[in-house]
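Only a predicted model underlies this, so the values are computations on that prediction, with no experimental measurement involved. For the numbers below, each heavy atom of this structure counts, side chains included, while hydrogens, waters and symmetry mates do not.
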Amino acid sequence: DIYSSDLNAEKKLLVFVGLFMVPVPDIYSKNTINTDLCAAPLIPIGGIRPFTQLFGEALDEKSDEKPDELKQYFATCIPGLAPILSEELINLGASNVEMSGPSGVSFQNDPKSSIDIGMKALLWVRTAHRIMELIVSTEDYDDWDIMDRDGLYGFIQSAVPVKSLLGDGKGGLLTLSCSTTLNGKIPKELCHSHYTGLTVKNALVDMVREIRDDGVRPDVDIVDPDVPLLLVLRGNRDRGRDDGAQASLYRILHSGGSLHKRGYRVPTVHKAAMKESLAAGLLLEAGFDKLIHDSKYTTGLPAVLVDPMAGSGTFCIEAALIAADFAPGLVRMKHYDGESERNPHKIPPVLRWRGADKMQWKEEVLAARERAAVGIKWMNELNSLDPSRCNCVIVANEMNRNAASLARGNIAKAGFSESIGLTEGDCVNWDLGGMQDSDSTKRVVVPQRTIVVSNPPWGLRLDEDIESSWLSLKSFLRDQCNVTEAWILSGSKSATRYLRMKKSRSVVIKTADEDLRWIQYHVFKKKPQE
């Protein structure tokens, strides 16, 4: 009854117009019967536009947004850290976690949980550089290849649920940006990433203009967009064809740069500074988080981390964050100093999207702060079984005076001056009580409770005194680090040979176009010569 008083005038008109429209399978639905038969959710008689476009926001109760349990996320990381990133996501409660090559991981919400795993990962994951949600992909449809800009434009207009993507749910529009990543052999017309991204933006803006009758269009914001979009194009060669490409459109959950940038670095950056995400990933690969867990919940014995060549202190700071159970998202919130007037880490884009669970974010942040407070207190408390030292001991050494100054500044800015000890000098002269008895209180290294990490110079950005540095490291390990586990990062086989030690394990890492090795050694006391 279109004359019913329960319907407002706008809905009465929708019902009336609906009588003259022929429904076809919904192109957005996974249950579509032969999607090749249709090019839009509704085909109007007489050329009338589909009513979802004609009346825009009038059908709020019929949103084109996917249910939470169907959200598909993707996270990127430094090549080689995908197994560690996968483990992080699984520990957070993600489901269907699958690695995509050495530098990417796909994952979903747990259907049995009400927690948005993407939002939780944004706060807690240490090794990711980007976390994004899949909006649409040509791979969800049969034989849909992108050959040129017109094909890309048509795909975006046909498949993207623009109302839930760019509408704020209050009649307004969200700002956007669009970047492009090209993989494999791409059609020539799509090889220019700027113009390809512009094609996506134009397709979305034109859709919004068709929906609204007020001429308002979404603005582009390259500093802190509400909806940072990423188009990924992949050549069809892996499908056995040399023409065309597959397209996937993502919206990134965050802005303000890569997630590896925690914000605790002082303005002057060491020329060989390690990415924070790499340091965290290498520490997790070495099992430092498991050592901390064992100290807290199993043996109760102290956990020790030693870095004899600390550089600007990245290893030590990331170790302290792990030991303190300090979420990296909290660090980014605290130290943001970017161009945007709004702190994009406190109010990330995912929080601005239509239907975002703002209460979950608030609860997650509060819980993270409580965990950090408890963690820092535990770190600095004297160990109940060994009162001569704290529960977690982190000590570092750096020979270069300027690098040591940067390390002190970074450690102070991160808030761990009381938790990390730093000395200056050649590590060959660094006395950690290695010659003392294993139960001596003067010995910093605790047998089987200590992990030694180091990133010595090997030639890429630091090419001076390579031989002497590695020989010093060799002497330090043998004199001061008996019955410990050492992990050394190297990009040079010839440099690694200076250690003259048998490796236990090696993990391949790729960064700055260099193949590195994260090498494990078990250090034992050298037998005295007879």
Can you find a heavy atom in the side chain of Leu233 that is under 4.5 Å from one in the side chain of Leu190?
-> yes
Is a salt bridge present between Arg342 and Asp226, judged by a nitrogen-to-oxygen distance below 4.0 Å?
-> yes
Would you say Leu253 and Trp353 make side-chain contact, with heavy atoms under 4.5 Å?
-> yes
Between Gln72 and Gln108: side-chain donor-acceptor atoms closer than 3.5 Å = yes
Look at the side chain of Ser340 and the backbone N and O of Asn343, then say whether any donor-acceptor pair between them is shorter than 3.5 Å.
-> no
Does Cys316 offer a backbone N or O that forms a donor-acceptor pair with the side chain of Asp307 under 3.5 Å?
-> no
Hey, is Glu87 close enough to Lys290 for a salt bridge, meaning N to O under 4.0 Å?
-> yes
Judged by modelled atom types alone, do Ser137 and Ser248 share a side-chain donor-acceptor pair under 3.5 Å?
-> yes
Is there side-chain contact between Thr196 and Ile186, with heavy atoms separated by less than 4.5 Å?
-> no
Residue among Ile135, Ile146, Leu152 satisfying side chain to side chain contact (heavy atoms under 4.5 Å, CB included) with Leu231 | Leu152
Hey, is Lys71 close enough to Asp116 for a salt bridge, meaning N to O under 4.0 Å?
-> yes
Taking C-beta and beyond as the side chain, do Pro83 and Ser86 meet within less than 4.5 Å on heavy atoms?
-> no
Looking at Arg352 and Ile347, what are the two nearest heavy atoms and their distance?
-> NH2-O, 2.7 Å
Asp150 side chain to Tyr153 main-chain N or O, any donor-acceptor pair under 3.5 Å?
-> no
In terms of side-chain heavy atoms, does Glu98 have a donor or acceptor partner in Ser106 at a distance below 3.5 Å?
-> no
Thr314 and Lys275 have their tightest heavy-atom pair at CG2-O, 4.3 Å
Could you list the donor-acceptor pairs under 3.5 angstrom formed between side-chain atoms of residues 121-128 and any protein atom two or more places apart in sequence or on another chain?
residue: Arg126; atom: NH1; partner: Phe326; partner atom: O; Å: 3.1
residue: Arg126; atom: NH2; partner: Phe326; partner atom: O; Å: 3.1
residue: Thr127; atom: OG1; partner: Glu88; partner atom: OE1; Å: 2.5

Please examine the side chains of Pro344 and Asp224, heavy atoms only from C-beta on, and report whether any two atoms are closer than 4.5 Å.
-> yes
Could you tell me whether Arg505 and Glu285 have a side-chain N and a carboxylate O separated by less than 4.0 Å?
-> yes
Do Asp206 and Gln157 have side-chain atoms, one donor and one acceptor, less than 3.5 Å apart?
-> no
Should Met147 and Asp243 count as side-chain neighbours, where that means a heavy-atom distance under 4.5 Å?
-> yes
Any ion pair linking Asp214 and Arg212 (charged N to carboxylate O, less than 4.0 Å)?
-> yes
Return the minimal non-hydrogen interatomic distance between Ser100 and Phe74, and the atom names on each side.
-> CB-CE1, 3.7 Å
Could you note down all residue pairs passing ring pair (Phe, Tyr, Trp, His ring centres under 6.0 Å) where residues 87-108 supplies at least one of them, sequence neighbours left out?
-> Tyr73-Phe107
Judged by modelled atom types alone, do Thr175 and Asp219 share a side-chain donor-acceptor pair under 3.5 Å?
-> no
Check: Lys362 and Lys358 side chains under 4.5 Å, non-hydrogen atoms | no
Is a side-chain donor or acceptor of Ser113 paired with a backbone partner of Asp110 at a separation under 3.5 angstrom?
-> no
Heavy-atom donor-acceptor pair, Thr180 side chain to Ser193 backbone, under 3.5 Å | yes
Do Arg130 and Ile252 have side chains that get closer than 4.5 Å, going by heavy atoms?
-> yes
With Glu276 as partner, the option from Arg265, Lys261, Arg332, Arg262 fulfilling salt bridge (charged side-chain N to carboxylate O under 4.0 Å, His left out) is Arg265
Donor-acceptor pair, side chain of Trp487 and main chain of Val453, under 3.5 angstrom | no
Taking the six-membered ring for Trp and the full ring for Phe, Tyr or His, determine whether the centres of His335 and Tyr264 are under 6.0 Å apart.
-> no
